[in-house]
Amino acid sequence: MTPSASFIDIAIFVVFLAFNLLVGLFYGRRVNDMRDYAIGRKDFSTATLTATIVVSWIGGSDLFYMLEEVYTKGLYFVIVILGASICLFLVGRLVVRMEKFLNNLSMAEALVNLYGNQVRTIAAISGVLSVLGIVAIEFQVISKVISSIFGVEGPWIVAVSAAIVMLYSVSGGVRAVTFTDVFQFFTFGTFIPIIALVIWNNLKDPEQVVQMLYTNPNFSVREVVGWHPKFWNALFMFIWFAIHGLDHVVFQRISMSRDILQARSSFSYAGLISLLANLCIIWVSILLLSSNQNLDPENLLAYIIENYASAGFKGFIGIGIVALAMSTADSYLNSSADLLANDIIKPLNITVKNDAIVARTFCLVSGVFALILALYSSGLLELLMVSNSFYMPVVTVPLLLAIFGFRSSKRTVLGGMAAGFMTVVLWSIFGSNADSILPGMLANVVVALGIHYLLGEEGGWQPVAPDSALALERAARRRSRRRLMNDIKTFRLYTYLKQNLPEQEMFYFLFGLYTIAATYTAFYTIGDSSVQSYQRIYEGIYHAVPFATTIFLTFPIWPPVVKNERFITLFWPLGISAILFFAGTLLVIMSHFHHMQIMVLMINFLITMLLLRWPLAFIVALSGMGLAVVFFEQYTGLPILYGEAMS
């Protein structure tokens, strides 16, 4: 242990590991059979499923890799990262077609019902190979993080961390994995934004971020997007990441859902959350690049720990990254045990009294084998790429065809699998493993469809059943489109604005009170020099806003004869736009983007979202801010220094 590792860092780390172990063992009780071990009892909430999808999807290795690649490649890799988040959205749209597979324990079991045990075994073996590479690299990430924070090295570090993951994964099955994932989700969700905030606060000149984005060619859209190999390589990687989501863990999360609706919601929410998490990681990398463009990309995390982490915060950084690694490792360990016990041993017709014990045994075996890979293999990224290269072109293609309703014979699928495998082998010899995935998948599709139609196999594209989830969703979309078209045809602006009026007149008075408080709070952040520079604009706001506010304050007590429904219907959105956004944006500009002014403007937007329907709220906000910008530039003849917002 080095002097930099304080007692509080060690305590935080030990408590985190112990709490994970206790949570996993507690929720892993009463696992009775293989189904319970693999997919639980289908009683998980949507929030729980969302959390476990996110932290299983984003691993500790992804954090290292994303920081490094964004730092060195900029927008080229940002494009790739966006594909990973889009993938979860696509899975959410795809699950509506997977109603028939919802009770399968694995993707290999879904294929056995269509094409027999040979296809099942091939799919299971490919799945296990891809899983072990992922688990091994997450174990190595845990070791690397502990070494960076505590200054200790040795194989026992990764062995102890891996043992904790294996212990609750072996004993508790997917329930233990899922509920520890929830805890790890909150740990990771807190860690990334705080890291970004700490680096931001330590920048000597925050405006250098804008300067870097303007001057670095890797962050120039004109330089990045074009007819050149680097962009096309990024585009191919984007496609790979976007269709990369049908591995066994993702399929397992679908099977854990109560129904199609919950599965779709969970993956849609997970896609949004993963997008936000990835954007935070991208932002951290951009801040590091802005602060120092000569860092070693492979040691960015070590740089963060050394330069931005104090005693106690190092431990927090450690558990944030280890949470990601553990959540991915335990999920893939569980899926490996599922594939080995359910799809490789079970077809051999070996009689066992308790199949859950078999699954536990294989979970332990998988963990030990992954640990050996982590300890004795240096090229884990290459191993991970190779294992995925022999999964997606072999297994993902027939699984996707089955989901989209294509049915054929066993020899059709085996022929496609063989073509995908051989293409990957040949392509890897003359190219690279990464480049071989899409050609391998394409070869699988072409050969499978060619065999099917040339040999006249039975099956083909199956019609959608009228009572299936897909047919019901399509009918719902058609009804929704008809309602939208009808709303557009019958739209009347006055009627729509009238529907946005408050139900009680007291809201006008309360809104008036808020505008007085918000406006006069904003006035206090305008310096004397700014008041003198923009005297007429300042006086115009000073006199116009109180007048408009008075109308809202006194409207409830106006006599019925004076009240005019048409007037308040039009004045309500116009007043909100003028007071909160036109005047509010002018105050932000005049204050040189003072933090208090920006915060007030953000609160104004939240208030507007509560008062109006969201389409009108966006129109009111954007029009008010846009008019303010145009007015300021035309009236003063001065440019708006947006860079001041970064200072």
Side-chain angles (χ1 to χ4, degrees), residues 480 483-523 536-591 593 596-635 640:
S480 178
R483 284 196 301 269
L484 177 61
M485 293 303 299
N486 183 65
D487 290 342
I488 293 174
K489 291 178 181 178
T490 60
F491 178 76
R492 298 293 181 271
L493 179 60
Y494 177 76
T495 303
Y496 178 74
L497 294 178
K498 190 175 180 180
Q499 293 170 351
N500 281 269
L501 292 176
E503 294 182 0
Q504 300 179 7
E505 291 185 346
M506 182 58 65
F507 281 101
Y508 298 116
F509 175 77
L510 296 175
F511 176 72
L513 288 180
Y514 169 76
T515 56
I516 289 177
T519 305
Y520 281 94
T521 298
F523 277 142
R536 292 189 177 182
I537 298 177
Y538 183 87
E539 290 180 352
I541 297 174
Y542 189 87
H543 292 96
V545 170
F547 174 77
T549 301
T550 303
I551 296 176
F552 289 118
L553 284 171
T554 60
F555 185 80
I557 61 174
W558 287 10
V561 178
V562 179
K563 285 183 181 179
N564 187 301
E565 189 178 60
R566 184 172 294 275
F567 165 75
I568 197 62
T569 299
L570 299 175
F571 187 73
W572 177 238
L574 291 176
I576 293 174
S577 180
I579 298 173
L580 298 188
F581 298 104
F582 183 79
T585 302
L586 289 176
L587 290 171
V588 168
I589 297 171
M590 288 190 295
S591 69
F593 295 89
M596 178 64 73
Q597 294 282 6
I598 295 175
M599 185 179 71
V600 170
L601 191 63
M602 293 173 64
I603 295 174
N604 289 347
F605 182 73
L606 294 177
I607 293 294
T608 305
M609 291 294 292
L610 295 174
L611 294 175
L612 304 174
R613 298 181 180 181
W614 71 264
L616 183 60
F618 274 102
I619 293 173
V620 161
L622 294 177
S623 62
M625 290 188 290
L627 287 173
V629 169
V630 173
F631 171 80
F632 181 86
E633 291 182 338
Q634 294 296 321
Y635 185 80
I640 298 175

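Position 1 is the first residue of the sequence; numbering continues from there. The figures that follow rest on heavy atoms only: side chains count, while hydrogens, waters and symmetry mates do not. Note that the structure is predicted; figures quoted are calculated from it, not measured.
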side-chain contact (heavy atoms from CB on, under 4.5 Å) between L616 and L497, intermediate numbers included: CA-CA 9 Å; L616 183 60; L497 294 178; 3.9 Å; yes
ring-ring contact (aromatic ring centres under 6.0 Å, His included) between F632 and F582, intermediate numbers included: CA-CA 10 Å; F632 181 86; F582 183 79; over 10 Å; no
Assess whether side-chain contact (heavy atoms from CB on, under 4.5 Å) is satisfied between F581 and T608, documenting all intermediate values. CA-CA 10 Å; F581 298 104; T608 305; 3.2 Å; yes
Go through the steps to decide whether F509 and T554 satisfy the test side-chain contact (heavy atoms from CB on, under 4.5 Å), and finish with yes or no. CA-CA 7 Å; F509 175 77; T554 60; over 6 Å; no
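Nearest approach of G512 to T549, heavy atoms of both residues: O-CG2, 3.2 Å. Scanning all heavy atoms of the two residues, the minimum distance from R613 to N500 falls at N-OD1, 2.9 Å. The two atoms that bring T585 and A628 nearest to each other are CB-CB, 3.6 Å, heavy atoms only. Residue L601 comes nearest to L580 through the heavy atom pair CD1-O, 3.6 Å, listed as atom of the first residue, atom of the second, then distance. The two residues T569 and K498 come nearest to each other via the heavy atoms CG2-N, 3.6 Å.
Side-chain contact between T515 and V545 is absent, with no heavy-atom pair separated by less than 4.5 Å. Y514 is listed as a side-chain neighbour of I603, based on a closest heavy-atom distance under 4.5 Å.
Atom CG of L586 sits about 6.0 Å away from atom CD1 of I537, to the nearest 0.5 Å. Note that CZ of F605 is 7.0 Å distant from CE of M625, once rounded to the nearest 0.5 Å.
Classification of the F552-W572 ring pair by plane angle, with boundaries at 30° and 60°, yields perpendicular. Below 30°, between 30° and 60°, or above 60°: for F571 and F567 the angle between ring planes is below 30°, a parallel geometry.
With hydrogens and angles ignored, the 3.5 Å screen pairs no side-chain donor or acceptor of S577 with any backbone N or O of P573. Proximity of a side-chain donor or acceptor of S623 to a complementary backbone N or O of V620 within less than 3.5 Å is detected.
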